[in-house]
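All residue numbers refer to positions in the sequence shown, counting from 1.
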Amino acid sequence: MGLDQPLLDAAVELLERRWGHAEQAVAAAVRLDDGQILTSTSLDNLNAAATLCAETGALCQAYTLDKRVTASVCVSKWPGAEGHPVLAPCGVCQERLALWGPDVEVAVADADSPSGWSARTLRELNPFYWGTLFSADGGWPSAAEHLA
């Protein structure tokens, strides 16, 4: 199972439930290989250095459960934005998602799509991934190679 509207809806539901009162916020949802959806949000911390990306909680939970992540979406809201714009994963979150391989689907903003977003794989997002230099065969590093 990959990235679809129900995954995005799960992130929006958390965003509105947790941050309905806020002018600006983010929330995320990830899908596991068994179809389960995990959600998380960023920390609201006075010290910005102590905050985490919205995806981090769900990714850590997936890793703790020893489950494979197949898709990830991050949604946002801010003054003047229409709806809940999709944010592509930042570089750090791309590194976190890389643990599950190049075929993990991520949501990206897409003005040409009726929904305003589309799915891309990590490989499409990062065709020159640096980690390939450290894999045994020059391809995307396996989970075991990430742990080495």
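Comment: Asp34 engages Lys67 in a salt bridge, judged by a side-chain N to carboxylate O separation of less than 4.0 angstrom.
Contact check for Leu122 versus Asp103: no side-chain heavy atoms found under the 4.5 Å cut-off. Looking only at side-chain heavy atoms (C-beta outward), Thr70 and Val104 stay at 4.5 Å or farther from each other.
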Would His84 and Glu16 satisfy side chain to side chain contact (heavy atoms under 4.5 Å, CB included), going step by step from the backbone distance to the final call?
CA-CA 10 Å; His84 297 91; Glu16 287 303 319; 2.7 Å; yes

Passes side chain to side chain contact (heavy atoms under 4.5 Å, CB included), Trp100 versus Asp33? Steps please.
CA-CA 10 Å; Trp100 291 285; Asp33 58 356; over 6 Å; no

Passes side chain to side chain contact (heavy atoms under 4.5 Å, CB included), Val73 versus Glu55? Steps please.
CA-CA 8 Å; Val73 60; Glu55 300 94 332; over 6 Å; no

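Formation of a donor-acceptor pair under 3.5 Å by the Lys77 side chain with backbone atoms of Glu82 is not found in this model. The main-chain N or O of Cys60 is found under 3.5 Å from a side-chain atom of Thr64 such that the two form a donor-acceptor pair. Gln94 places a side-chain N or O within 3.5 Å of a backbone atom of Pro89 that can act as its donor or acceptor partner.
Under a hydrophobic-cluster definition in which Ile, Leu, Val, Met, Phe, Trp and Tyr are linked whenever side-chain heavy atoms come within less than 4.5 Å, directly or via other members, Leu87 and Val106 are assigned to different clusters.
Residues Trp19 and Thr41 have side chains that bring a donor and an acceptor to within less than 3.5 angstrom of each other. With hydrogens and angles left out, the side-chain atoms of Ser118 and Arg120 include a donor and acceptor closer than 3.5 Å. For the residue pair Trp140/Glu145, the side-chain donor-acceptor check at 3.5 Å is not satisfied.
To the nearest 0.5 angstrom, Leu125 atom CG is 9.5 Å from Leu97 atom CG.
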